[in-house]
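This structure is a prediction, so every number in the text was calculated from the model and none was measured. The figures here come from the full heavy-atom set of this structure, side chains too, leaving out hydrogens, waters and symmetry mates.
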Amino acid sequence: MAALLVVASGCSTSGSDASSDAKGYYDGYAQQQGDHSATGSSTSAQGGTSRGPGGSSPLPPSSGRPAPGPGPLDDNTFVDAGTNGFVDARVQPRSTFAADVDTGSYRVARALLAQGAMPPPESVRVEEWVNSYASGFPAPTRDDLELRADQALAPGSTDGTQLVRIGLQGREVDEEEWPPVALTMVVDTSGSMDIRERLGLVKSSLALLVETLRPDDTIAVVTYETDAKPLLEPTRVRDADTILSAIDRLQAGGSTNLEAGLLLGYDRARAAYREGATNVVLLASDGVANVGITDGGQLGTAIRDNGRRGIHLVTVGFGMGNYNDDLMEQLADRGDGFYAYVDTFDEARRLFVDDLRATMTPVAKDAKIQVEFDPRTVSEYRLVGYENRALADEDFEDVAVDAGEIGAGHRITALYEVRPTAQAETGDSLGTVRVRWRSVQGEDQREDSLSLTLDADSRPTGALGVAAAVAEVARFVKSGTGGEGSEQVDPDGLQRRVEALVEDDVPGARELDSLFTDVLAAR
């Protein structure tokens with residue numbers, strides 16, 4: 001599942017102070033909501049004002065104190081995706097799954113750890129942690145997608161188990177080739193959103209989009225609480241004041257009719273559909289749904305139908321405590337989109353400005369990966385993560401089976417633990433990995449393949465070392481910071497490996513070190 005929202009570099013509506021203006025919605029949220037008038041303006045108790053994004057309305061100075069809300073571990077909904085076990089290569093030589101670049105699980109964990117709370121084991125989807133770090137593999141040179149692979153001795157292995165890393169890279173797209181954007185933002189304005197870290201960040205995120213989308217791109221806004229209603233008709237980004245005025249009018253209250261919000265959002269997206277553009281519905285919510293259909297599976301048909309029409313769903317979660325991670329992830333899976341999570345303004349800026357520029361231009365549809373292991377050299381294997389993205393082996397060549405979409409420049413990583421047979425030698429074939437996808441320019445099926453061979457035993461270093469250690473940290477948390485059998489992780493050995501990566505100045509190692517430090521502190 002890949003990201004499909006393009007945020008192209010464009011004109012800033014507020015000059016060099018654009019980001020600080022957008023941040024005003026977040027910093028001053030409590031005062032804005034408390035003093036909001038029919039015109040969308042507010043004043044501070046001291047009588048002074050500060051300008052809102054684009055100068056559209058006055059915003060009071062921030063008190064620096066968030067509005068009261070649920071505790072970070074209160075009433076959240078996570079569903080354990082399970083843990084893949086080892087598979088006998090003689091019985092089942094093929095492993096098949098849909099490509100996925102979600103990062104929501106990792107960002108949720110970072111948000112909880114920042115508050116000193118250990119992420120619940122059921123919240124961990126290992127592949128989303130691994131895919132939050134750069135793979136280091138180069139961009140494709142032959143086609144939309146290209147496979148790469150490397151391997152090393154699995155960390156802590158005493159029986160010769162190899163860690164095989166498979167990388168799938170999406171081609172880069174030059175800025176001048178980025179398609180236009182028709183964005184329909186579906187905003188949860190129910191009562192549970194009424195805190196700075198939720199609706200405040202949503203308003204800031206919308207303002208960031210106004211600053212970074214191109215002048216001819218369009219934004220529409222639909223809100224939902226007990227009922228759904230259109231707030232903003234499709235509006236060119238060049239008309240920034242109109243969009244910012246709509247942002248000013250966002251207020252929270254009422255129940256949560258997610259079904260009504262999504263259906264109206266899709267209705268508006270179809271009306272605003274632009275041929276040759278990236279047409280996307282972006283749901284901004286805490287995932288709570290208590291009116292109408294409240295299950296992502298039941299909404300799946302409507303979501304898939306719109307996906308086939310070229311309208312894709314991106315879900316972005318806000319806030320922690322009374323948060324439904326499972327629903328947000330389910331909806332994105334069914335909508336041919338991706339799931340992300342935002343808990344700070346810096347994270348909103350990273351997602352809506354830095355990450356959503358070139359990397360979200362679609363280059364491939366329905367990408368599926370299949371690895372066929374050679375039973376002569378592989379006794380057992382297991383896929384690390386991707387438990388809820390598994391496909392039947394026969395689905396690999398079935399063009400009717402929905403799978404993941406890949407954006408320009410996306411890097412997808414899959415890790416396998418592979419146990420060689422007693423007779424296997426260095427240089428022997430381990431098997432073949434293949435990827436199939438549909439071109440965004442048509443319906444033709446394409447494929448790339450790569451042979452895997454058994455390498456000499458060596459410890460994972462560089463980007464492979466980071467990927468291996470991130471997976472270990474994720475498994476450490478998922479197993480309840482202990483684990484048994486194949487899930488057992490030695491924290492002291494893991495810490496030494498992380499420190500070695502930092503000493504070698506490997507990209508991503510310092511973030512990994514910070515992550516593991518927070519995990520150990522919260523344990």
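- With contacts defined as side-chain heavy-atom distances shorter than 4.5 Å, the pair Asp194/Tyr29 qualifies.
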task = Take Leu168 and Phe137 through the side chain to side chain contact (heavy atoms under 4.5 Å, CB included) test and state the conclusion after the steps.
result = CA-CA 8 Å; Leu168 178 64; Phe137 287 126; over 6 Å; no
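- Val181 places none of its side-chain heavy atoms less than 4.5 Å from the side chain of Arg214.
- The backbone N or O of Leu258 lies less than 3.5 Å from no partner atom in the side chain of Thr256, so there is not a single donor-acceptor pair.
- For the pair Val108 and Met320, the minimum side-chain heavy-atom distance is below 4.5 Å.
- Nearest heavy-atom pair across Ala348 and Ser205 is CB-OG, 3.6 Å.
- You'll find the side chain of Trp129 reaches within 4.5 Å of the side chain of Val477, heavy atoms only.
- In this view, Glu275 and Tyr273 satisfy the side-chain contact (heavy atoms from CB on, under 4.5 Å) rule, not counting sequence neighbours.
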Notebook entry, point to check: Can you list the steps and then say if Leu201 with Glu347 is a side chain to side chain contact (heavy atoms under 4.5 Å, CB included)?
Noted result: CA-CA 10 Å; Leu201 270 178; Glu347 182 62 20; over 6 Å; no
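- Remark: Glu127 pairs with no residue by the salt bridge (Lys or Arg N to Asp or Glu O under 4.0 Å) rule, at least two apart or across chains.
- In this structure, Ser204 contributes its side chain and Ala22 its backbone to a donor-acceptor pair below 3.5 Å.
- To the nearest 0.5 Å, atom OG1 of residue Thr77 and atom CD of residue Glu122 are 10.0 Å apart.
- Rounding to the nearest 0.5 angstrom, the gap separating the CG atom in Leu520 from the CG atom in Leu494 is 8.0 Å.
- Using a 4.5 Å heavy-atom threshold, the side chains of Asp333 and Glu329 count as touching.
- Considering every non-hydrogen atom in both Ala522 and Leu113, the closest pair reads CB-CD2, 4.0 Å.
- With contacts defined as side-chain heavy-atom distances shorter than 4.5 Å, the pair Leu264/Pro230 qualifies.
- At a threshold of 4.5 Å between non-hydrogen side-chain atoms, the residues Thr223 and Lys229 count as touching.
- A distance-only check finds a donor-acceptor pair linking the side chain of Ser105 to the backbone of Ser123 [under 3.5 Å].
- For Ala139, the side-chain contact (heavy atoms from CB on, under 4.5 Å) partners at least two apart in sequence or on another chain are Glu172, Arg411.
- Put simply, the side chain of Asp102 never gets that close to the backbone of Gly104: no donor and acceptor are under 3.5 Å apart.
- The nearest pair of heavy atoms linking Leu145 to Gly170 is CD2-CA, 3.8 Å.
- Looking at every heavy atom in both residues, Leu313 comes nearest to Leu331 through CD2-O, 3.4 Å.
- In this structure a side-chain-to-backbone donor-acceptor pair under 3.5 Å is missing from Asp144 to Arg171.
- For Asp227, there are no salt bridge (Lys or Arg N to Asp or Glu O under 4.0 Å) partners at least two apart in sequence or on another chain.
- Legend: residues meeting side-chain hydrogen bond (donor to acceptor under 3.5 Å, both in side chains) with Glu387, ordered by chain and number and at least two apart, are absent.
- Applying the salt bridge (Lys or Arg N to Asp or Glu O under 4.0 Å) test to every pair with at least one member in residues 317-327, sequence neighbours left out, gives these pairs: Arg125-Asp325.
- In this structure Arg438 satisfies the side-chain hydrogen bond (donor to acceptor under 3.5 Å, both in side chains) test together with Asp366, Glu443, sequence neighbours excluded.
- A donor-acceptor pair under 3.5 Å links the side-chain atoms of Thr189 to the main chain of Tyr224, judged by distance alone.
- In this structure a side-chain-to-backbone donor-acceptor pair under 3.5 Å is missing from Arg475 to Val384.
- Every residue two or more places apart in sequence or in another chain was checked for a side-chain hydrogen bond (donor to acceptor under 3.5 Å, both in side chains) with Asp75, and none qualifies.
- Using a distance-only test at 3.5 Å, with no hydrogens or angles considered, a donor-acceptor pair links the side chain of Asp188 to the main chain of Ser190.
- With 3.5 Å as the limit, one finds no donor-acceptor pair spanning the side chains of Asn322 and Ser192.
- Side-chain contact between Leu183 and Asp217 is absent, with no heavy-atom pair separated by less than 4.5 Å.
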Tabulate below the donor-acceptor pairs under 3.5 Å that side-chain atoms of residues 507-516 make, not counting sequence neighbours, or state none.
residue, atom, partner, partner atom, Å
Glu511, OE2, Tyr106, OH, 2.7
Ser514, OG, Arg110, NH2, 3.3

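- Remark: the backbone N or O of Arg268 is not paired with any side-chain donor or acceptor of Thr184 at under 3.5 angstrom.
- We find the CD1-NZ distance between Ile406 and Lys365 to be 13.0 Å, quoted to the nearest 0.5 Å.
- The distance from the NZ atom of Lys203 to the CZ atom of Arg196 is 13.5 Å, given to the nearest 0.5 Å.
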Which is it for Phe352 and Glu211 under the side chain to side chain contact (heavy atoms under 4.5 Å, CB included) test, yes or no, and what are the steps along the way?
CA-CA 10 Å; Phe352 289 101; Glu211 293 161 11; over 6 Å; no
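- Rounded to the nearest 0.5 angstrom, Phe318 CZ and Leu199 CG are separated by 9.5 Å.
- Taking each heavy atom of Ala467 and Leu415 in turn, the nearest pair found is O-CD1, 3.7 Å.
- Side-chain N or O atoms of Thr235 include none that pairs as donor or acceptor with a backbone N or O of Ile243 at under 3.5 Å.
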TODO: Decide side chain to side chain contact (heavy atoms under 4.5 Å, CB included) for Ile219 and Leu206; before the verdict, give the C-alpha distance in whole Å, the side-chain angles of both, and the deciding distance to 0.1 Å.
DONE: CA-CA 9 Å; Ile219 294 177; Leu206 256 170; 4.2 Å; yes
Could you go through Asp346 and Thr344, starting from their C-alpha distance and side-chain angles, then the distance that decides it, and tell me whether this counts as side-chain hydrogen bond (donor to acceptor under 3.5 Å, both in side chains)?
CA-CA 5 Å; Asp346 286 344; Thr344 65; 5.4 Å; no
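- Considering only residues two or more places apart in sequence or on other chains, Asp216 meets the side-chain hydrogen bond (donor to acceptor under 3.5 Å, both in side chains) condition with Arg238.
- With rounding to the nearest 0.5 angstrom, the NE2 atom of His312 is 7.5 Å from the OG1 atom of Thr278.
- Contact between Leu383 and Ala414 at its shortest, heavy atoms only, is CD1-CB, 4.2 Å.
- Residues that satisfy the salt bridge (Lys or Arg N to Asp or Glu O under 4.0 Å) test with Arg270, not counting sequence neighbours, are Asp267.
- Under the ring pair (Phe, Tyr, Trp, His ring centres under 6.0 Å) criterion, Tyr323 pairs with Tyr341, sequence neighbours left out.
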